[in-house]
Amino acid sequence: MTSSSRIASNLLGLVGATAGAILGYYTFGWIYHHRFYGMMIPGAMLGLGCGLLARHPSTLRGVACAIAALGLGLFIEWRFFPFIDDPGFRYFLSNITELNTITLLMIPGGAFFAYLFGKDCAAAYFGSIRAA
C-alpha cells in the first residue's frame, strides 16, 4: 500500500471514528433514557466506525482510537452526570476517583473495544469491499 493510500485510509478511519463517536453519544443517551447504563457503547462505536472505513490495519490507529474513546467516555459521563458541587469539566477531571467503580471499569472497557475495532480494517473480517 502506498503512503498516499495509507493517508487516505487513515482519513477515512477518522471520518468513521467521528461518525461512530456521534452515534455512540446519542445511543448512550437513548439507552440512558430507557434506564440502562451502557458506557462502553460510545467508545466501541468510535472504534467500529474507524475500523469499518479504514482500508489497512494499524496498531497506532487503534491506540489513537482508545485514547479518543477514553476522552469521549469521560466527556459523556460529565455531560450526563456532572458533580453537584461544581458542574465544571475541570472539577470533574480533578475528582475522577469519586466516580462509581462500574463507571471506572466501563470507560476503559469501551476504550479497549475501540482499540480492538480501530486497529483492524473491516476487510480483515468481511473481505475486501469491491464495486460490482
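Being a predicted model, the structure only gives us computed values, none of them experimental.
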Flag if over 12 foreign heavy atoms under 6.0 Å of CZ, Phe80: yes

Residue Phe92 excluded, over 12 heavy atoms near CZ under 6.0 Å: yes

With a 4.5 Å cut-off on side-chain heavy-atom distances among I, L, V, M, F, W and Y, is there a chain of contacts connecting [X] to [Y]?
X	Y	answer
Leu14	Leu70	no
Tyr26	Trp78	yes
Phe83	Phe89	yes

Distance (rounded to the nearest 0.5 Å) between Ile107 CD1 and Leu99 CG: 6.5 Å

Atom pair CG (Leu74) and CG (Leu93), whose distance is rounded to the nearest 0.5 Å: 6.5 Å

Contact check, side chains of Thr18 and Val15, non-hydrogen atoms, under 4.5 Å: no

Any side-chain heavy-atom pair of Asn10 and His56 under 4.5 Å: yes

Selection residues 66-75 - residue pairs positive for side chain to side chain donor-acceptor pair (under 3.5 Å), sequence neighbours left out: none

Looking only at non-hydrogen atoms, find the nearest pair between [X] and [Y] and report the distance.
X	Y	result
Ile76	Tyr25	CG1-CD1, 3.5 Å
Arg6	Pro57	NH1-O, 4.5 Å
Ser9	Arg61	OG-NH1, 4.4 Å
Pro82	Arg79	CD-O, 4.1 Å

side-chain contact (heavy atoms from CB on, under 4.5 Å) evaluation trace for Ile67 with Tyr115: CA-CA 9 Å; Ile67 293 169; Tyr115 169 76; over 6 Å; no

Sequence neighbours excluded and cut-off under 3.5 Å, please list the side-chain donor-acceptor pairs for residues 32-53, or say none.
residue: His34; atom: NE2; partner: Trp30; partner atom: NE1; Å: 3.2
residue: Tyr37; atom: OH; partner: Glu77; partner atom: OE1; Å: 2.7
residue: Tyr37; atom: OH; partner: Thr103; partner atom: OG1; Å: 2.9

Connected hydrophobic set around Ile84, excluding itself, where side chains approach under 4.5 Å: none

